[in-house]
Amino acid sequence: MMKNWCIVAIALFSLISCSQQKAKKDFIGENVEFAAKQIGLEFKKMDSLNVILNPRTILPNGETRYNKPMLWTSGFFPGSLWYMYDLTGDKIWKDRAMKVNKTIEEVQYNTQHHDVGFMIYCSFGNGYRLTKTAEYKQIIINAAKSLSTRYRPKVGCIQSWDANKGWQAKRGWQCPVIIDNMMNLELLFEASKLSGDDSFRDIAIKHADTSLDHHFRPDYSSYHVVDYDSITGQVRSRVTAQGYADESAWARGQGWALYGYTVCYRETKDKRYLDQANHVAKFLLSHPRMPKDLVPYWDFDCDDVPNTYRDASAAAVIASGLYELSTYNEGNQAVEFKDAADKIVKSLASPNYRAKLGENNNFLLMHSVGSIPHNAEIDVPLNYADYYFLEALVRKRNLEKK
Ligand code: GLY
C-alpha cells in the first residue's frame, strides 16, 4: 500500500515539475515567436523597399526614426538580430544581423563620443561571440583603440562627451563622464582578451575605480554626470543631463550602474565591483517608489511620481543585469535577484508593455523614455529596450537550462 502511494506521489511530482518546466519554456518560446513575427514585419518592409534599415524609435509624427551609423543607438537593432539568432538558431537571423552590421562598420573608427562601446559590442561583439568571424574580431579591437583615445589619465576616466560641441557646450563642463559609460567597458575587456593587449582592460579598471569613488551617493544611487577638471582630475560638479534633478536617481542610469559593475566583476573577480552591483540592486529593489511590476518611473525622484512615465528600457536593462548578478550571489540573494528579473520580464511581456503584433511600428516594447529634459523620445518604443529585453530572455534561458 505504502509503495503504491510513493509511486503516485513521485508521478504527481514529476507531472507538476514537468508542467512548470513547460510553462517556463513556453514563456520564452512565446516571446521569441512574437519577436520573430514582429521583427519579421520590419524586414518585409525593408525587402519591399530594397534597403537595409536600422530602426531606433517612433517620431512624434508616427513615422519610424531610423539610425544613422554614428548615432549612439545604431548597434542595438543588429544586436537584437544576433539575440534572435541565439534564441532560435535560425540562420535567417544571422544573415539579417550580418547585413545590418555591415552598414555600421565605420563606427569602429569613431572617436567623437564614448558610445562606440554600446555600438560595437552589441552588434559585432555578439556577432563574434556567435560566429567567430575574424573580421569582427578586428573591428572590436579597432573600436577599443578608438574608445581608448578618450581616456584621460589625469582623471582616470574615459571622457563621455566632448564639452565644446552641441547642447553640452552650454553646460560649461571640462571632462563630463556619465554613468552610462560603465556600459562601454565590456568592449575594452573583450578587446584585451582578443588582442592580448592589456591596456584596454587597464583603462576599463581605472574607469570603474574612479567612478566607484566619485559617481555614487551614500545610498548607492548614482549621479548621471560627473564633470572632472581635465588638468587636476578633481571633481568639478555632479549634475544631471537626462534625469529629473542633479540629486535625483534617473532610472536608466541606475540600470547602467548595476549592469556595468556586474560586468566588471565578471571580468576581474574584484569583490568591490560585486558589492557595488549588489548595493545598486538593493537600492532599486527596495526603493519605496519602485512600482509593484518592477518597471520603474523614468526617475525615482520625479515630483510627479506616480503620475509620470514608466521607462521600459530601464526595466529591461535592470532585468538583464539582475540575471547575471544572480549567478554571482548565493542563497537568498541569488534567488531574490533571479525572481526580480523574472518579474520584470513578465511585466514587460504583458500587454501593458509588449506591443500587439503589427503595431508599434514593429518594435517589441512600448513605454520607454529617452530624455525628458531634452523633450525627446518620451513614452515611445526604443530599440535598446527591445535589445535588453531579448538579452534578458537569452540569460533567463541559459540560467534555467543549468
Ligand atoms: N546612454 C544614453 C541613454 O541612456 O539615454
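Every number for a ligand or one of its atoms is a count from 1 in the order of the listing. Quantities reported herein were computed from a predicted structural model and do not represent experimental measurements.
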Are K346 and F27 in a cation-pi contact, defined as NZ or CZ under 6.0 Å from the six-membered ring centre and within 45° of the axis?
yes
Between D95 and K91, does any NZ, NE, NH1 or NH2 come within less than 4.0 Å of an OD or OE carboxylate oxygen?
yes
On the six-membered ring of Y223, is R217 placed so that its NZ or CZ lies under 6.0 angstrom from the centre and within 45° of the ring axis?
yes
One thing to verify: whether K343 and D293 come together as a salt bridge, which I'm taking to mean a side-chain N less than 4.0 angstrom from a carboxylate O.
no
Salt bridge (Lys or Arg N to Asp or Glu O under 4.0 Å) involving R96 - partner list, sequence neighbours excluded:
none
NZ/NE/NH1/NH2 to OD/OE distance under 4.0 Å, D227 and R238:
no
Give the protein residues with at least one non-hydrogen atom closer than 4.0 Å to an atom of ligand 1, ordered by chain and number.
W72, D180, Q242, W250, R252, W256
